[in-house]
Amino acid sequence: MTTAQTQELDVQPTPLALLLLGREADPTSERGVECPGDLPSPSDPDLVERARAAKEKLGDKVFVLGHHYQRDEVIQFADVTGDSFKLARDAAARPEAEYIVFCGVHFMAESADILTGDDQKVVLPDLAAGCSMADMATAEQVAECWDVLTEAGIAERVVPVSYMNSSADIKAFTGKHGGTICTSSNAERALEWAFEQGEQVLFLPDQHLGRNTAVRDLGMSLEDCVLYNPHKPNGGLTVEQLRAAKMILWRGHCSVHGRFSLESVEDVRARIPGVNVLVHPECKNEVVSAADYVGSTEYIIKALEAAPAGSKWAIGTELNLVRRLANRFAPEGKEIVFLDKTVCFCSTMNRIDLPHLVWTLESLAEGNLVNRIEVDKETEAFAKLALERMLALP
């Protein structure tokens with residue numbers, strides 16, 4: 001993203017974002033950029049065999065999780081694939097595995113640590129694999145937001161609903177204040193539950209999933225939603241706006257899904273007559289409104305599995321997954337293209353590459369625990385409370 005684009009979106013770059021963009025360097029904070037010991041060269045022709053050998057040596061002691069957005073070179077070593085919550089639950093169902101290697105991003109590994117046993121160790125191959133969306137809501141910012149809601153006299157009637165794509169701290173805040181977690185698959189039910197508990201919802205950190213679910217699924221209007229900007233006093237809102245809103249949306253978004261535009265949809269329809277446009281609900285409201293189908297990552301996969309031969313699809317989600325699906329269904333005569341002309345990988349997800357995975361597996365095979373993700377007990381307790389409320393939803 002260019003500086004001009006950043007200014008246009010009214011986003012304040014964090015130090016981590018600037019680091020990822022190559023604008024700043026802070027050796028004391030570049031976690032994961034340098035691994036203890038030697039990281040294998042990406043040109044090493046033996047990487048695949050080294051990964052396979054280390055994984056075989058570990059046997060049942062290791063369980064490798066691969067998020068759908070991972071590279072093919074990493075996915076080939078995953079014992080299971082899926083979205084973030086499915087993978088965390090898969091890990092919890094394997095109590096015999098001493099090591100859970102999560103090929104995903106930081107918040108996903110945190111969720112796995114929360115849901116797995118105390119004797120299990122969750123490992124992230126590169127500690128710098130974060131999530132720009134999750135980083136857009138810090139514990140301090142959300143605590144300040146709650147103070148604003150309290151001063152406006154509405155905190156008692158506001159129920160927080162946090163997207164799975166959030167840090168353990170935000171999940172714990174949600175649990176502590178009577179809220180629940182949601183995924184892109186069950187956001188509608190989570191919001192229905194929240195409005196049974198209170199009159200208003202604080203939805204974080206992804207504004208687009210919150211807005212799309214409220215408007216598209218629950219029949220609210222765009223006027224029922226206000227946008228809370230943590231970089232402005234009182235979130236950039238008046239007391240009257242806060243009190244009148246049904247949905248208080250956090251100003252956060254996915255850097256990948258936020259790229260898709262209405263022009264992308266119009267362009268692909270002009271280029272490919274009869275194309276079906278299928279997008280993730282993290283996309284902007286105008287994109288979701290213009291699409292033919294909207295759904296989670298798992299929904300996208302199932303829709304393409306069920307699609308008739310010869311059908312044409314433009315998919316609005318991360319490119320690694322779209323390319324994998326295009327290759328998978330090409331023999332069935334299904335044409336699958338990326339919605340945008342501009343190539344867009346999830347930059348932080350792609351930090352998990354084959355050299356990092358090889359280094360991780362070989363280190364574990366030698367008895368060296370590296371890059372463990374561990375959530376403190378108090379945070380874990382409240383975060384688990386919020387997750388359990390989600391699991392209890394009908």
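Note that these values count all heavy atoms, side chains included, but never hydrogens, waters or copies made by symmetry.
Comment: E49 engages R52 in a salt bridge, judged by a side-chain N to carboxylate O separation of less than 4.0 angstrom. A salt bridge does not link K284 with E286: every distance from a Lys NZ or Arg NE/NH1/NH2 to an Asp or Glu carboxylate oxygen is 4.0 Å or more. A salt bridge does not link R94 to D90: none of the charged side-chain nitrogens sits closer than 4.0 Å to a carboxylate oxygen. Ion pairing of K86 with E298 is absent here, as no side-chain N (NZ or NE/NH1/NH2) approaches a carboxylate O to less than 4.0 Å. Ion pairing between a basic and an acidic side chain is recognised when a charged N comes within 4.0 Å of a carboxylate O; E305 and R328 show such pairing. By the 4.0 Å N-to-carboxylate-O rule, K121 lies too far from D113 to be salt-bridged with it.
A donor-acceptor pair under 3.5 Å links the side-chain atoms of N371 to the main chain of P125, judged by distance alone. Between the side chain of Q200 and the main chain of L242, a donor-acceptor pair closer than 3.5 Å is present. Q76 contributes a side-chain N or O that, together with a main-chain N or O of E73, makes up a donor-acceptor pair within less than 3.5 Å. R251 places no side-chain N or O within 3.5 Å of a backbone atom of M136 that could act as its donor or acceptor partner. Between the S311 side chain and the A307 main chain, no donor and acceptor come within less than 3.5 Å of each other. Looking at Q70, its side chain does come within 3.5 Å of a backbone N or O of C103 through a donor-acceptor pair. The backbone N or O of L237 sits nowhere less than 3.5 Å from a side-chain atom of N234 that would complete a donor-acceptor pair. Under the 3.5 Å distance criterion, the side-chain polar atoms of E98 are left unmatched by any main-chain donor or acceptor of K61. No donor-acceptor pair closer than 3.5 Å links the side chain of E366 to the backbone N or O of S363. Of the possible polar contacts, none joining the E151 side chain to the V148 backbone as a donor-acceptor pair under 3.5 Å is found.
For A245 against I248, the heavy-atom pair with the smallest separation is CB-CG1, 4.3 Å. Annotation for A129 and I352: closest pair CB-CD1, 3.8 Å, computed over non-hydrogen atoms. Between A112 and V122, the shortest heavy-atom distance links the atoms C-CG2, 4.0 Å. Here the shortest heavy-atom pairing between Q207 and L227 reads OE1-CD1, 3.5 Å. In this structure, I100 and A91 approach most closely via the heavy-atom pair CG2-CB, 3.9 Å. Nearest approach of I336 to L325, heavy atoms of both residues: CD1-O, 3.7 Å.
Evaluated for a side chain to side chain donor-acceptor pair (under 3.5 Å) with Y69, the options T317, D83, N350 yield exactly one hit, T317. Checked options D169, L115, I373; the residue passing with E110 is I373 (criterion: side chain to side chain contact (heavy atoms under 4.5 Å, CB included)). Just one residue in the list F203, W193, F195 forms a side chain to side chain contact (heavy atoms under 4.5 Å, CB included) with V161, and that residue is F203.
Going from atom CD1 of I181 over to atom OG of S111 covers 8.0 Å, rounded to the nearest 0.5 Å. Atom CG of L65 is separated from atom OG1 of T81 by 10.0 Å, given to the nearest 0.5 angstrom. The distance from atom CE of M164 to atom OG of S296, rounded to the nearest 0.5 Å, is 12.5 Å. One finds the NE2 atom of H253 at 10.5 Å from the CD atom of E282 (value rounded to the nearest 0.5 Å). The distance from atom CZ of R259 to atom SG of C283, rounded to the nearest 0.5 Å, is 12.0 Å.
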Run the ring pair (Phe, Tyr, Trp, His ring centres under 6.0 Å) check on F338 and F260 step by step: do they pass?
CA-CA 10 Å; F338 191 57; F260 300 114; 5.4 Å; yes
Trace of the side-chain contact (heavy atoms from CB on, under 4.5 Å) decision for I170 with Y163:
CA-CA 9 Å; I170 300 307; Y163 190 21; over 6 Å; no
Any chance you could lay out the side-chain contact (heavy atoms from CB on, under 4.5 Å) test for W313 and F329, step after step, and finish with the verdict?
CA-CA 11 Å; W313 297 82; F329 293 113; over 6 Å; no
So K377 and D118, side-chain contact (heavy atoms from CB on, under 4.5 Å) or not? Walk me through it.
CA-CA 10 Å; K377 293 303 178 185; D118 292 340; 3.0 Å; yes
Assess the residue pair T150 and D147 against the criterion (side chain to side chain donor-acceptor pair (under 3.5 Å)); give the C-alpha distance rounded to whole Å, side-chain angles, the decisive distance to 0.1 Å, and a yes or no.
CA-CA 5 Å; T150 300; D147 288 341; 5.1 Å; no
Would you sort out whether E192 and R189 count as a salt bridge (Lys or Arg N to Asp or Glu O under 4.0 Å), showing the intermediate values?
CA-CA 5 Å; E192 290 174 342; R189 183 64 195 105; 3.5 Å; yes
Before giving the answer on side-chain contact (heavy atoms from CB on, under 4.5 Å), spell out for N320 and D72 the whole-Å C-alpha distance, their side-chain angles and the decisive distance to 0.1 Å.
CA-CA 8 Å; N320 271 318; D72 288 344; 5.8 Å; no
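Legend: residues meeting ring pair (Phe, Tyr, Trp, His ring centres under 6.0 Å) with H177, ordered by chain and number and at least two apart, are W146, F173.
Between the side chains of D135 and S132, not a single donor N or O lies within less than 3.5 Å of an accepting N or O. Checked by atom type, the side-chain pair N276/D292 shows no donor-acceptor distance below 3.5 Å. S264 and D267 are not linked by any side-chain donor-acceptor pair at a separation below 3.5 angstrom, with hydrogens and angles left out of the test. A side-chain donor from one of S221 and D224 sits under 3.5 Å from a side-chain acceptor of the other.
Ring geometry, Y228 versus W250: the interplanar angle falls under 30°, so the pair is classed parallel (tilted spans 30 to 60°).
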Taking distance alone, no hydrogens or angles, what donor-acceptor pairs closer than 3.5 Å link side-chain atoms of residues 383-394 to residues at least two apart or in another chain?
residue	atom	partner	partner atom	Å
K384	NZ	I114	O	3.4
R389	NH1	G175	O	3.1
R389	NH1	G179	O	2.7

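Side-chain contact between N212 and V294: absent, with no pair of heavy atoms (C-beta onward) separated by less than 4.5 Å. Side-chain atoms of L209 and H280, non-hydrogen and from C-beta on, never get closer than 4.5 Å to each other. You'll find the side chain of L369 reaches within 4.5 Å of the side chain of Y99, heavy atoms only. When side chains are defined from C-beta on, K55 counts as touching V64, because their heavy atoms get closer than 4.5 Å. E223 has its side chain out of reach of K246: every pair of non-hydrogen atoms, C-beta onward, lies at least 4.5 Å apart. Taking 4.5 Å as the limit, every side-chain heavy atom of T297 sits out of range of all side-chain heavy atoms of I300. In this structure, the side chains of R50 and D44 come closer than 4.5 Å at one or more pairs of heavy atoms. Put simply, the side chain of R216 reaches to within 4.5 Å of the side chain of V288, judged on heavy atoms.
For E96, the CD atom is densely surrounded, since the number of other residues' heavy atoms within 6.0 Å is greater than 12. The local environment of CG in D60 is sparse, with at most 12 non-hydrogen atoms from other residues, nucleotides or ligands closer than 6.0 Å. Crowding of E156 atom CD: a count of heavy atoms from other residues, nucleotides or ligands under 6.0 Å not exceeding 12.
A cation-pi arrangement is found for K176 relative to F382, the charged atom lying closer than 6.0 Å to the ring centre and inside a 45° cone about the ring normal.
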